[in-house]
Visitor: 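Just dropping this structure here.
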Amino acid sequence: MYLCYFDEAGNGQVVTAEKPDSQPAMVIGGFAVPEARLHALVRGFMELKRSYVPCLAKEGVRPLQVIRHELKGDTVRRKYRHGGRNHARWADRLISDLLSLLEEHDCRVLARAWVLREDTVNDAEGMYLSSVRSLCEDFEHYLAQRGGQGVAVLDSRSYVKNVKNVDCVTAEKFRQGADRLPHLAEAPVFGHSDTHAGLQIADLVVSGILFPAVCTTYADDLTWNVHCHPGHAAAREHCPRLGRLQYRYEVRPGKWTGGVVVSDQRGHRSARELFTQSGDLSNGVPAPARPADEVLAPVTAEPPSAAGLAETVS
(Lines give C-alpha, C1' and ligand atoms only; values in the text may rest on other atoms or scores of the structure.)
Protein backbone atom coordinates (compact mmCIF):
# COMPACT_ATOMS: atom_id res chain seq x y z
CA MET A 1 0.00 0.00 0.00
CA TYR A 2 1.21 3.49 -0.87
CA LEU A 3 0.01 7.02 -0.10
CA CYS A 4 0.49 10.09 -2.26
CA TYR A 5 -0.08 13.57 -0.78
CA PHE A 6 -0.68 16.60 -3.00
CA ASP A 7 -0.89 20.33 -2.29
CA GLU A 8 -0.82 23.46 -4.44
CA ALA A 9 0.80 26.90 -4.46
CA GLY A 10 -0.40 29.75 -6.65
CA ASN A 11 -3.94 30.50 -7.75
CA GLY A 12 -3.78 31.22 -11.48
CA GLN A 13 -4.85 34.86 -11.13
CA VAL A 14 -3.84 37.41 -13.75
CA VAL A 15 -0.19 38.37 -13.32
CA THR A 16 0.08 42.15 -13.55
CA ALA A 17 2.42 44.86 -12.33
CA GLU A 18 -0.61 46.56 -10.79
CA LYS A 19 -0.66 43.70 -8.26
CA PRO A 20 2.91 43.05 -7.12
CA ASP A 21 1.74 40.04 -5.11
CA SER A 22 0.07 38.32 -8.08
CA GLN A 23 1.54 34.85 -8.41
CA PRO A 24 3.51 34.18 -11.63
CA ALA A 25 3.34 30.40 -11.26
CA MET A 26 0.96 27.68 -10.17
CA VAL A 27 2.40 24.44 -8.81
CA ILE A 28 0.46 21.29 -7.90
CA GLY A 29 2.45 18.40 -6.52
CA GLY A 30 3.62 16.32 -3.63
CA PHE A 31 5.17 12.99 -2.84
CA ALA A 32 4.45 9.25 -2.67
CA VAL A 33 5.47 7.14 0.31
CA PRO A 34 5.13 3.43 1.13
CA GLU A 35 2.49 2.95 3.80
CA ALA A 36 4.95 0.84 5.77
CA ARG A 37 7.22 3.90 6.07
CA LEU A 38 4.51 6.47 6.80
CA HIS A 39 4.51 6.11 10.59
CA ALA A 40 8.29 6.57 10.81
CA LEU A 41 8.11 9.50 8.37
CA VAL A 42 5.50 11.27 10.49
CA ARG A 43 7.47 10.60 13.67
CA GLY A 44 10.55 12.05 12.02
CA PHE A 45 8.59 15.08 10.86
CA MET A 46 7.30 15.65 14.39
CA GLU A 47 10.89 15.64 15.67
CA LEU A 48 11.82 18.07 12.91
CA LYS A 49 9.04 20.40 14.08
CA ARG A 50 10.27 20.23 17.66
CA SER A 51 13.76 21.16 16.47
CA TYR A 52 12.62 24.22 14.55
CA VAL A 53 9.75 25.35 16.80
CA PRO A 54 11.19 25.25 20.34
CA CYS A 55 7.83 25.71 22.05
CA LEU A 56 6.78 22.32 20.68
CA ALA A 57 9.67 20.65 22.51
CA LYS A 58 8.54 21.86 25.93
CA GLU A 59 7.45 19.37 28.54
CA GLY A 60 3.74 18.71 28.47
CA VAL A 61 3.21 19.42 24.76
CA ARG A 62 1.11 16.55 23.45
CA PRO A 63 1.85 14.75 20.15
CA LEU A 64 -1.48 15.96 18.75
CA GLN A 65 -0.42 19.54 19.37
CA VAL A 66 2.78 18.91 17.45
CA ILE A 67 0.81 17.44 14.53
CA ARG A 68 -1.65 20.35 14.49
CA HIS A 69 1.08 23.01 14.45
CA GLU A 70 1.92 23.66 10.80
CA LEU A 71 5.28 24.64 9.36
CA LYS A 72 4.18 26.42 6.19
CA GLY A 73 5.97 26.90 2.91
CA ASP A 74 5.10 30.58 2.88
CA THR A 75 6.96 30.91 6.21
CA VAL A 76 10.04 29.51 4.49
CA ARG A 77 9.63 32.04 1.69
CA ARG A 78 9.29 34.92 4.15
CA LYS A 79 12.46 33.80 5.91
CA TYR A 80 14.31 33.83 2.60
CA ARG A 81 12.81 37.15 1.56
CA HIS A 82 12.88 39.29 4.68
CA GLY A 83 14.55 37.44 7.51
CA GLY A 84 18.24 38.21 7.09
CA ARG A 85 21.13 35.75 7.23
CA ASN A 86 20.10 33.83 10.33
CA HIS A 87 16.53 33.36 9.15
CA ALA A 88 17.74 32.25 5.71
CA ARG A 89 20.01 29.69 7.38
CA TRP A 90 17.02 28.48 9.41
CA ALA A 91 15.03 27.99 6.20
CA ASP A 92 17.93 26.22 4.48
CA ARG A 93 18.44 23.82 7.36
CA LEU A 94 14.72 23.09 7.57
CA ILE A 95 14.49 22.26 3.86
CA SER A 96 17.67 20.19 4.00
CA ASP A 97 16.37 18.17 6.95
CA LEU A 98 13.02 17.71 5.23
CA LEU A 99 14.71 16.32 2.11
CA SER A 100 16.72 13.97 4.32
CA LEU A 101 13.45 12.61 5.70
CA LEU A 102 12.07 12.05 2.19
CA GLU A 103 15.28 10.31 1.16
CA GLU A 104 15.36 8.13 4.26
CA HIS A 105 11.81 6.88 3.77
CA ASP A 106 11.92 6.10 0.04
CA CYS A 107 9.61 8.94 -0.98
CA ARG A 108 9.20 10.05 -4.59
CA VAL A 109 8.22 13.52 -5.82
CA LEU A 110 5.61 14.29 -8.50
CA ALA A 111 4.53 17.80 -9.57
CA ARG A 112 3.18 19.99 -12.36
CA ALA A 113 4.27 23.62 -12.59
CA TRP A 114 2.66 26.27 -14.77
CA VAL A 115 4.59 29.48 -15.49
CA LEU A 116 2.07 32.20 -16.36
CA ARG A 117 2.26 35.00 -18.90
CA GLU A 118 1.67 38.54 -17.72
CA ASP A 119 -1.65 40.27 -18.33
CA THR A 120 -3.29 37.02 -19.44
CA VAL A 121 -6.46 35.44 -18.09
CA ASN A 122 -5.72 31.86 -17.06
CA ASP A 123 -8.00 28.86 -16.74
CA ALA A 124 -6.87 28.07 -13.20
CA GLU A 125 -9.42 25.31 -12.65
CA GLY A 126 -8.52 23.71 -15.97
CA MET A 127 -4.84 23.75 -15.01
CA TYR A 128 -5.58 22.24 -11.61
CA LEU A 129 -7.87 19.58 -13.05
CA SER A 130 -5.44 18.51 -15.78
CA SER A 131 -2.61 18.46 -13.24
CA VAL A 132 -4.52 16.19 -10.85
CA ARG A 133 -5.40 13.85 -13.68
CA SER A 134 -1.81 13.72 -14.91
CA LEU A 135 -0.39 13.26 -11.42
CA CYS A 136 -2.78 10.39 -10.73
CA GLU A 137 -1.66 8.74 -13.97
CA ASP A 138 1.96 9.06 -12.83
CA PHE A 139 1.02 7.64 -9.43
CA GLU A 140 -0.75 4.76 -11.17
CA HIS A 141 2.46 3.92 -13.03
CA TYR A 142 4.42 4.14 -9.77
CA LEU A 143 1.97 1.69 -8.16
CA ALA A 144 1.96 -0.71 -11.11
CA GLN A 145 5.75 -0.84 -11.11
CA ARG A 146 5.69 -1.81 -7.42
CA GLY A 147 2.73 -4.17 -7.68
CA GLY A 148 0.81 -2.27 -5.03
CA GLN A 149 -2.37 -0.32 -4.38
CA GLY A 150 -2.52 3.32 -3.38
CA VAL A 151 -4.61 6.31 -2.38
CA ALA A 152 -4.02 9.94 -3.35
CA VAL A 153 -4.80 12.55 -0.69
CA LEU A 154 -5.39 16.14 -1.84
CA ASP A 155 -5.38 19.22 0.34
CA SER A 156 -9.02 20.21 0.70
CA ARG A 157 -10.05 23.45 -0.99
CA SER A 158 -13.83 23.98 -1.21
CA TYR A 159 -16.64 21.51 -1.85
CA VAL A 160 -17.28 22.76 -5.39
CA LYS A 161 -13.59 22.74 -6.31
CA ASN A 162 -12.98 19.39 -4.67
CA VAL A 163 -15.77 17.63 -6.56
CA LYS A 164 -15.02 19.24 -9.90
CA ASN A 165 -11.33 18.52 -9.83
CA VAL A 166 -11.53 14.79 -9.15
CA ASP A 167 -14.43 14.01 -11.49
CA CYS A 168 -11.95 13.24 -14.26
CA VAL A 169 -10.20 10.62 -12.12
CA THR A 170 -13.49 9.13 -10.92
CA ALA A 171 -14.58 8.83 -14.56
CA GLU A 172 -11.35 7.07 -15.48
CA LYS A 173 -11.84 4.51 -12.69
CA PHE A 174 -15.55 3.82 -13.06
CA ARG A 175 -16.11 4.29 -16.80
CA GLN A 176 -17.74 1.53 -18.79
CA GLY A 177 -15.07 -0.96 -19.72
CA ALA A 178 -11.65 -1.39 -18.16
CA ASP A 179 -10.51 0.69 -15.18
CA ARG A 180 -7.68 2.89 -16.51
CA LEU A 181 -6.27 3.44 -13.01
CA PRO A 182 -6.62 -0.05 -11.50
CA HIS A 183 -3.91 0.38 -8.87
CA LEU A 184 -5.60 3.40 -7.31
CA ALA A 185 -7.85 1.91 -4.66
CA GLU A 186 -10.18 4.93 -4.81
CA ALA A 187 -10.58 8.29 -6.49
CA PRO A 188 -8.54 11.01 -4.71
CA VAL A 189 -9.74 11.86 -1.21
CA PHE A 190 -9.40 15.15 0.64
CA GLY A 191 -7.86 16.10 3.95
CA HIS A 192 -7.15 19.18 6.03
CA SER A 193 -3.50 20.01 6.35
CA ASP A 194 -3.57 20.58 10.11
CA THR A 195 -4.66 16.98 10.63
CA HIS A 196 -2.41 15.27 8.06
CA ALA A 197 1.36 15.48 8.43
CA GLY A 198 1.68 14.18 4.86
CA LEU A 199 -0.13 17.25 3.52
CA GLN A 200 2.12 19.50 5.61
CA ILE A 201 5.19 17.88 4.08
CA ALA A 202 3.67 18.29 0.61
CA ASP A 203 3.10 21.97 1.37
CA LEU A 204 6.77 22.45 2.26
CA VAL A 205 7.86 20.67 -0.92
CA VAL A 206 5.49 22.61 -3.18
CA SER A 207 5.23 26.00 -1.48
CA GLY A 208 8.62 26.12 0.23
CA ILE A 209 10.83 24.71 -2.54
CA LEU A 210 9.19 24.33 -5.95
CA PHE A 211 7.04 27.49 -6.07
CA PRO A 212 9.81 30.01 -5.21
CA ALA A 213 12.31 28.06 -7.34
CA VAL A 214 9.96 28.13 -10.35
CA CYS A 215 9.27 31.85 -9.91
CA THR A 216 12.96 32.79 -9.73
CA THR A 217 13.99 30.41 -12.51
CA TYR A 218 11.39 31.30 -15.13
CA ALA A 219 10.20 34.79 -14.12
CA ASP A 220 13.23 36.43 -12.49
CA ASP A 221 12.84 39.40 -14.85
CA LEU A 222 9.64 40.39 -13.02
CA THR A 223 11.57 42.44 -10.49
CA TRP A 224 8.39 44.17 -9.33
CA ASN A 225 6.83 40.86 -8.24
CA VAL A 226 7.26 39.84 -4.61
CA HIS A 227 7.35 36.14 -5.51
CA CYS A 228 10.37 36.72 -7.75
CA HIS A 229 12.37 38.26 -4.92
CA PRO A 230 16.12 37.47 -5.24
CA GLY A 231 16.03 35.87 -1.81
CA HIS A 232 13.74 33.14 -3.15
CA ALA A 233 16.56 31.93 -5.38
CA ALA A 234 17.94 30.15 -2.31
CA ALA A 235 15.13 27.62 -2.66
CA ARG A 236 16.49 26.66 -6.06
CA GLU A 237 19.74 25.53 -4.45
CA HIS A 238 17.78 22.56 -3.05
CA CYS A 239 16.32 21.57 -6.42
CA PRO A 240 19.17 19.30 -7.63
CA ARG A 241 18.66 17.21 -4.50
CA LEU A 242 14.89 17.31 -4.95
CA GLY A 243 15.42 16.27 -8.56
CA ARG A 244 16.96 13.00 -7.45
CA LEU A 245 13.74 12.22 -5.58
CA GLN A 246 11.55 12.46 -8.67
CA TYR A 247 9.61 9.46 -9.93
CA ARG A 248 10.22 9.42 -13.68
CA TYR A 249 9.50 6.68 -16.17
CA GLU A 250 9.92 5.95 -19.86
CA VAL A 251 6.64 5.70 -21.78
CA ARG A 252 8.38 4.75 -25.00
CA PRO A 253 12.02 4.70 -26.12
CA GLY A 254 13.43 8.18 -25.56
CA LYS A 255 10.20 9.61 -24.12
CA TRP A 256 10.25 10.24 -20.36
CA THR A 257 7.54 11.67 -18.15
CA GLY A 258 6.61 11.94 -14.48
CA GLY A 259 8.61 13.76 -11.85
CA VAL A 260 8.36 17.53 -12.03
CA VAL A 261 6.93 18.73 -15.35
CA VAL A 262 7.03 22.44 -16.22
CA SER A 263 4.73 24.24 -18.65
CA ASP A 264 6.54 27.53 -19.27
CA GLN A 265 4.03 29.76 -21.03
CA ARG A 266 6.46 32.71 -20.96
CA GLY A 267 9.70 31.42 -22.45
CA HIS A 268 8.96 27.76 -23.26
CA ARG A 269 12.04 26.69 -21.33
CA SER A 270 12.53 23.13 -20.20
CA ALA A 271 12.21 21.86 -16.65
CA ARG A 272 15.84 20.81 -16.61
CA GLU A 273 16.75 24.45 -15.88
CA LEU A 274 15.04 24.07 -12.51
CA PHE A 275 17.46 21.35 -11.47
CA THR A 276 20.75 22.89 -12.57
CA GLN A 277 23.15 25.22 -10.80
CA SER A 278 25.69 27.56 -12.33
CA GLY A 279 25.12 26.15 -15.78
CA ASP A 280 26.04 22.59 -14.76
CA LEU A 281 23.50 20.50 -16.62
CA SER A 282 24.56 17.30 -14.89
CA ASN A 283 23.16 18.26 -11.47
CA GLY A 284 19.88 16.98 -10.16
CA VAL A 285 19.29 14.30 -12.78
CA PRO A 286 17.61 11.28 -11.23
CA ALA A 287 18.81 7.83 -12.17
CA PRO A 288 17.98 5.97 -14.30
CA ALA A 289 17.48 8.74 -16.80
CA ARG A 290 18.43 10.16 -20.14
CA PRO A 291 21.27 12.67 -20.52
CA ALA A 292 20.46 15.92 -18.77
CA ASP A 293 19.39 17.76 -21.88
CA GLU A 294 16.75 15.08 -22.56
CA VAL A 295 15.46 14.31 -19.09
CA LEU A 296 12.79 16.93 -18.62
CA ALA A 297 11.17 18.00 -21.84
CA PRO A 298 9.17 21.23 -21.76
CA VAL A 299 5.40 21.09 -21.84
CA THR A 300 4.31 24.06 -23.86
CA ALA A 301 0.68 23.32 -24.68
CA GLU A 302 -1.97 25.71 -23.45
CA PRO A 303 -3.88 24.40 -20.43
CA PRO A 304 -7.19 22.84 -21.51
CA SER A 305 -10.41 24.28 -20.22
CA ALA A 306 -12.25 22.49 -17.48
CA ALA A 307 -15.19 21.99 -19.82
CA GLY A 308 -12.97 20.47 -22.48
CA LEU A 309 -11.43 18.07 -20.03
CA ALA A 310 -14.82 17.02 -18.78
CA GLU A 311 -15.80 16.10 -22.34
CA THR A 312 -12.71 13.93 -22.78
CA VAL A 313 -13.58 11.71 -19.81
CA SER A 314 -17.34 11.52 -20.13
Visitor: Has the side chain of Thr217 got a donor or acceptor atom that lies under 3.5 Å from a matching backbone atom of Leu274?
Guide: no

Visitor: With the side chain counted from C-beta on, respond yes when His105 and Leu101 share a heavy-atom pair under 4.5 Å apart, and no when they do not.
Guide: yes

Visitor: Are there more than 12 heavy atoms of other residues, nucleotides or ligands under 6.0 Å from atom CZ of Arg43?
Guide: no

Visitor: Could you please spell out the steps behind the side-chain contact (heavy atoms from CB on, under 4.5 Å) verdict for Phe31 and Leu41?
Guide: CA-CA 12 Å; Phe31 71 100; Leu41 173 66; 3.7 Å; yes

Visitor: Are the side chains of Ser22 and Val14 in touch, meaning some heavy atoms are under 4.5 Å apart?
Guide: no

Visitor: Using only heavy-atom distances, determine whether the side chains of Asp155 and His196 contain a donor-acceptor pair under 3.5 Å.
Guide: no

Visitor: Quick one, Gln149 and Leu143 - any side-chain contact, counting heavy atoms below 4.5 Å?
Guide: no

Visitor: Would you check if Leu184 and Cys136 make a side-chain contact, meaning some heavy-atom pair closer than 4.5 Å?
Guide: yes

Visitor: So, for Cys215 and Pro24, which heavy atoms are closest and what is the spacing to 0.1 Å?
Guide: SG-CG, 3.7 Å

Visitor: Test: ring-ring contact (aromatic ring centres under 6.0 Å, His included). Region: residues 39-65. Which pairs qualify, not counting sequence neighbours?
Guide: Tyr52-Trp90

Visitor: Counting N and O atoms only, with roles assigned by atom type, does the side chain of Gln265 sit under 3.5 Å from a partner on the main chain of Leu116, one being a donor and the other an acceptor?
Guide: no

Visitor: Begin with the C-alpha distance, continue with both residues' side-chain angles, and end with the deciding distance and a verdict on side-chain contact (heavy atoms from CB on, under 4.5 Å) for Tyr249 and Gln145.
Guide: CA-CA 10 Å; Tyr249 57 97; Gln145 188 181 70; 5.5 Å; no

Visitor: Using only atom types and a distance under 3.5 Å, with no angle test, would you say the side chain of Ser130 pairs donor to acceptor with the backbone of Met127?
Guide: yes

Visitor: Using a strict threshold of under 4.0 Å (side-chain N to carboxylate O), is an ion pair present between Glu103 and Arg244?
Guide: no

Visitor: Would you please say whether a donor-acceptor pair under 3.5 Å links the side chains of Gln13 and Lys19?
Guide: no

Visitor: Has Arg272 got its NZ or CZ under 6.0 Å from the middle of the six-membered ring of Phe275, at an angle within 45 degrees of the ring axis?
Guide: no

Visitor: Examine distances only and state if a side-chain atom of Thr75 and a backbone atom of Leu71 form a donor-acceptor pair shorter than 3.5 Å.
Guide: no

Visitor: Looking only at side-chain N and O atoms, does His141 offer a donor or acceptor that is under 3.5 Å from a partner on Tyr247?
Guide: yes

Visitor: Verify side-chain contact (heavy atoms from CB on, under 4.5 Å) between Lys72 and Arg77, making sure each step is shown before the conclusion.
Guide: CA-CA 9 Å; Lys72 301 292 289 184; Arg77 299 201 307 270; over 6 Å; no

Visitor: Does the pair Glu104/Arg37 count as a salt bridge with the N-to-O cut at 4.0 Å?
Guide: no

Visitor: For the backbone of Thr120 and the side chain of Asn122, can you confirm whether one donor and one acceptor N or O come within less than 3.5 Å of each other?
Guide: yes

Visitor: Show your reasoning for whether side-chain contact (heavy atoms from CB on, under 4.5 Å) applies to Glu172 and Arg133.
Guide: CA-CA 9 Å; Glu172 292 287 350; Arg133 179 180 183 180; 2.8 Å; yes

Visitor: Looking only at the aromatic ring of each residue, does the gap between the centers of His183 and Tyr2 stay below 6.0 angstrom?
Guide: no

Visitor: Can you see which heavy atom on Ala202 is nearest to which on Gly30, and at what distance?
Guide: CB-CA, 4.2 Å

Visitor: Between Asp264 (side chain) and Val115 (backbone), is there a donor-acceptor pair under 3.5 Å?
Guide: no

Visitor: So which atom in Glu70 and which in Asp194 form the shortest heavy-atom distance, rounded to 0.1 Å?
Guide: OE2-CB, 3.5 Å

Visitor: Any donor-acceptor pair under 3.5 Å linking the side-chain atoms of Ser263 with those of Arg112?
Guide: no

Visitor: Can you tell me how far the NZ atom of Lys173 sits from the CG atom of Asp179, to the nearest 0.5 Å?
Guide: 3.5 Å

Visitor: Short question: side chain of Lys79, backbone of His87 - any donor-acceptor pair under 3.5 Å?
Guide: no

Visitor: Quick one: does Tyr218's side chain have a donor or acceptor within less than 3.5 Å of a partner on Ser270's backbone?
Guide: yes

Visitor: Would you mind reporting whether Tyr5 and Val33 have side-chain heavy atoms less than 4.5 Å apart?
Guide: yes

Visitor: Ignoring hydrogens, what is the shortest heavy-atom contact between His238 and Asp92? Give both atom names and the distance.
Guide: NE2-OD1, 2.9 Å

Visitor: Please find the pair of heavy atoms, one from Ser131 and one from Ile28, that lie closest to each other, and give the distance.
Guide: OG-CD1, 3.8 Å

Visitor: Would you name the heavy atoms of Val15 and Arg117 that are closest together and state the gap between them?
Guide: CB-O, 4.1 Å

Visitor: Would a distance-only check, ignoring hydrogens and angles, find a side-chain to backbone donor-acceptor pair under 3.5 Å from Gln246 to Gly243?
Guide: yes

Visitor: So among Leu102, Leu38, Leu99, which one has a side chain to side chain contact (heavy atoms under 4.5 Å, CB included) with Cys107?
Guide: Leu102

Visitor: Do Tyr128 and Leu154 make a side-chain contact, defined as non-hydrogen atoms from C-beta onward lying under 4.5 Å apart?
Guide: yes

Visitor: Would you sort out whether Phe211 and His227 count as a ring-ring contact (aromatic ring centres under 6.0 Å, His included), showing the intermediate values?
Guide: CA-CA 9 Å; Phe211 179 77; His227 301 290; 5.5 Å; yes

Visitor: So, the side chain of Lys49 versus the backbone of Val66: is there a donor-acceptor pair under 3.5 Å, distance only?
Guide: yes

Visitor: I'd like to check Arg241 versus Leu245 (side-chain heavy atoms, cut-off strictly below 4.5 Å). Are they in contact?
Guide: no

Visitor: Below 4.5 Å, heavy atoms only, C-beta onward: do Arg108 and Asp106 meet side chain to side chain?
Guide: yes

